[in-house]
Colleague: 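Take this structure, written in structure tokens, and hold onto it; I'll ask about it next.
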Amino acid sequence: MFALVGVLALGGCAKKNMMSSTESGGKAQAGAAATTEGGPGGSGGSMGESGSAPLQGFSKSPSEEAVKPPTPPMVAKADTAEIAARQAREAAKRQLTDIYFAYDKWALSNEGMKNLAQNADLLRQNPTVKILIEGHCDERGSREYNMVLGEKRAQETRRYLESLGVKNTVAVTSYGKERPVCTDPDESCYWKNRRAHLVLEGER
């Protein structure tokens with residue numbers, strides 16, 4: 001009897017030990033599975049159920065990069081003297097008037113002297129402006145004669161400007177009858193061609 005009871009007791013203990021080992025192994029496997037699910041790639045662990053845990057190694061408010069405006073292109077400063085000279089030329093160009101002459105004459109008329117006085121006032125205000133005086137004639141007479149007559153008209157115009165105190169540089173030339181402004185064969189047209197024309201430097 002005692003031997004039979006001992007065998008049964010040993011069998012019960014072995015069965016209990018096997019059940020304990022099986023339960024421990026299951027718990028270990030469950031723990032391993034839980035560890036795998038809660039790892040960095042799973043939905044558990046420190047991320048929580050919603051995955052809202054802050055990322056590590058990143059600043060919540062990174063400083064904004066300072067954006068510098070583009071450097072403006074270099075603009076060359078305009079020469080003020082050149083600007084003033086150009087403005088003076090434009091003003092003189094608008095106001096200088098032609099001087100007209102009688103047929104076959106180079107002497108200035110009263111009207112011509114009046115117009116030259118106005119031109120002189122303008123030139124005295126702009127003493128750096130250079131002037132070319134062109135002498136012109138109507139179509140009557142030879143080419144050679146009109147070249148000389150045109151030269152005399154230009155020279156008389158310059159002489160009178162100088163007598164009025166004009167200190168500008170003044171040159172003269174003659175085109176005779178080669179550059180008419182009117183070609184009709186009548187006196188009104190001839191009169192327009194008998195003139196001294198004042199040209200600003202660089203405007204020819």
Side-chain angles (χ1 to χ4, degrees), residues 65-204:
E65 182 181 358
V67 180
K68 297 181 180 180
T71 304
M74 295 297 293
V75 179
K77 293 184 178 180
D79 187 346
T80 55
E82 176 59 27
I83 293 175
R86 183 168 65 251
Q87 291 175 343
R89 288 195 297 268
E90 290 298 322
K93 181 180 179 181
R94 291 191 298 267
Q95 299 181 42
L96 291 174
T97 59
D98 286 348
I99 310 303
Y100 298 98
F101 296 86
Y103 173 66
D104 203 25
K105 304 293 184 182
W106 64 85
L108 293 170
S109 64
N110 291 334
E111 185 70 17
M113 288 186 285
K114 178 182 176 181
N115 290 337
L116 274 179
Q118 295 175 354
N119 289 344
D121 288 339
L122 182 62
L123 293 174
R124 283 194 296 267
Q125 295 172 17
N126 301 279
T128 60
V129 172
K130 296 181 181 180
I131 301 295
L132 173 66
I133 302 176
E134 300 175 353
H136 297 271
C137 305
D138 63 37
E139 65 182 35
R140 293 171 293 183
S142 68
R143 179 181 181 278
E144 291 76 13
Y145 180 86
N146 282 306
M147 289 295 290
V148 175
L149 181 58
E151 179 80 15
K152 289 181 177 294
R153 287 172 175 169
Q155 289 178 350
E156 183 65 15
T157 301
R158 178 174 62 180
R159 185 197 63 77
Y160 193 76
L161 285 174
E162 291 174 348
S163 71
L164 295 175
V166 171
K167 302 299 183 181
N168 302 65
T169 300
V170 181
V172 298
T173 190
S174 174
Y175 290 107
K177 61 179 182 178
E178 302 302 319
R179 295 190 179 184
V181 295
C182 181
T183 57
D184 296 333
D186 55 54
E187 180 55 32
S188 64
C189 189
Y190 294 155
W191 175 81
K192 294 177 183 178
N193 291 331
R194 298 193 301 262
R195 72 195 190 280
H197 180 58
L198 281 68
V199 183
L200 302 180
E201 182 186 46
E203 298 294 335
R204 296 182 62 188

Colleague: How far does OG1 of Thr173 sit from NE2 of His197, to the nearest 0.5 angstrom?
Modeller: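 Output value for this atom pair is 12.5 Å.
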Colleague: Could you tell me the separation between the CG atom of Leu132 and the OG1 atom of Thr169, rounded to the nearest 0.5 Å?
Modeller: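 Between atom CG of Leu132 and atom OG1 of Thr169 there are 12.0 Å.
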Colleague: Answer whether the closest heavy-atom distance between the side chains of His136 and Val181 falls below 4.5 Å.
Modeller: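 No, their side chains stay 4.5 Å or more apart.
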Colleague: Find the distance between OG1 (Thr183) and NZ (Lys192) and round it off to the nearest 0.5 Å.
Modeller: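 Going from OG1 on Thr183 over to NZ on Lys192, the span is 10.5 Å.
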Colleague: Side chain to side chain donor-acceptor pair (under 3.5 Å), that's the test. Do Tyr160 and Asn119 meet it? Break it down for me.
Modeller: CA-CA 11 Å; Tyr160 193 76; Asn119 289 344; over 6 Å; no
Colleague: Checking Asn168 side chain against Asn126 main chain: does a donor-acceptor pair fall under 3.5 Å?
Modeller: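 Confirmed, Asn168 side chain pairs with Asn126 backbone.
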Colleague: Heavy atoms, side chains only, cut-off 4.5 Å: are Trp106 and Val148 in contact?
Modeller: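 Contact flag for Trp106/Val148 side chains = no.
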Colleague: Mind checking whether Leu164 and Arg124 have side chains closer than 4.5 Å, heavy atoms only?
Modeller: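 With C-beta onward as the side chain, the pair touches.
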Colleague: Rounded to the nearest 0.5 Å, how far apart are CZ of Arg179 and CD of Glu134?
Modeller: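 Between Arg179 CZ and Glu134 CD, I get 6.5 Å after rounding to 0.5 Å.
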Colleague: Does the side chain of Cys137 reach to within under 4.5 Å of the side chain of Tyr175, using non-hydrogen atoms?
Modeller: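 No, too far: nothing below the 4.5 Å cut-off.
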Colleague: Would you say Ser174's side chain and Met147's backbone share a donor-acceptor pair under 3.5 angstrom?
Modeller: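 Here the side-chain-to-backbone pair exists.
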Colleague: Counting distance only, does the side-chain N/O of Arg153 pair as donor-acceptor with the main-chain N or O of Tyr100 below 3.5 Å?
Modeller: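 No; zero donor-acceptor contacts below 3.5 Å.
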Colleague: Restricting to non-hydrogen atoms, name the atom on Phe101 and the atom on Trp191 that form the minimum distance, rounded to 0.1 Å.
Modeller: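 So the two residues come closest at O-CD1, 4.4 Å.
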Colleague: Do Ile133 and Leu161 touch side chain to side chain, with heavy atoms closer than 4.5 Å?
Modeller: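 SC-SC contact between Ile133 and Leu161 confirmed.
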Colleague: For Ala154 versus Gly135, what's the shortest heavy-atom pair and its separation?
Modeller: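 For Ala154 and Gly135, the tightest heavy-atom pair comes out as CB-N, 3.9 Å.
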Colleague: Between Asn115 and Asp98, what is the shortest heavy-atom contact and its length?
Modeller: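 Result for this residue pair: ND2-O, 4.0 Å.
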Colleague: Hey, are Glu156 and Arg159 close enough for a salt bridge, meaning a charged N less than 4.0 Å from a carboxylate O?
Modeller: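 A salt bridge links Glu156 with Arg159.
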Colleague: For the residue pair Ile131 and Leu96, establish whether any side-chain heavy-atom pair is separated by less than 4.5 Å.
Modeller: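 They are in side-chain contact.
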Colleague: Does atom CG (Asp186) have a neighbourhood of more than 12 heavy atoms from anything else shown, all under 6.0 Å?
Modeller: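 Counting other residues, nucleotides and ligands, CG of Asp186 exceeds 12 neighbours.
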Colleague: To the closest 0.5 Å, what do you measure between CG (Leu116) and CD1 (Ile99)?
Modeller: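 Here the interatomic distance stands at 3.5 Å.
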Colleague: Are the side chains of Asn193 and Glu139 in contact, using a 4.5 Å heavy-atom criterion?
Modeller: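 Answer no - side chains too far apart.
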Colleague: Does the Lys177 side chain pair with the main chain of Gly141, one donor and one acceptor, at a distance under 3.5 Å?
Modeller: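 Here the side-chain-to-backbone pair exists.
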Colleague: Walk me through it: do Glu111 and Lys114 pass the test salt bridge (Lys or Arg N to Asp or Glu O under 4.0 Å)?
Modeller: CA-CA 5 Å; Glu111 185 70 17; Lys114 178 182 176 181; 5.1 Å; no
Colleague: Are the side chain of Asp138 and the backbone N or O of Arg140 linked by a donor-acceptor pair below 3.5 Å?
Modeller: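 Such a contact is found between Asp138 side chain and Arg140 backbone.
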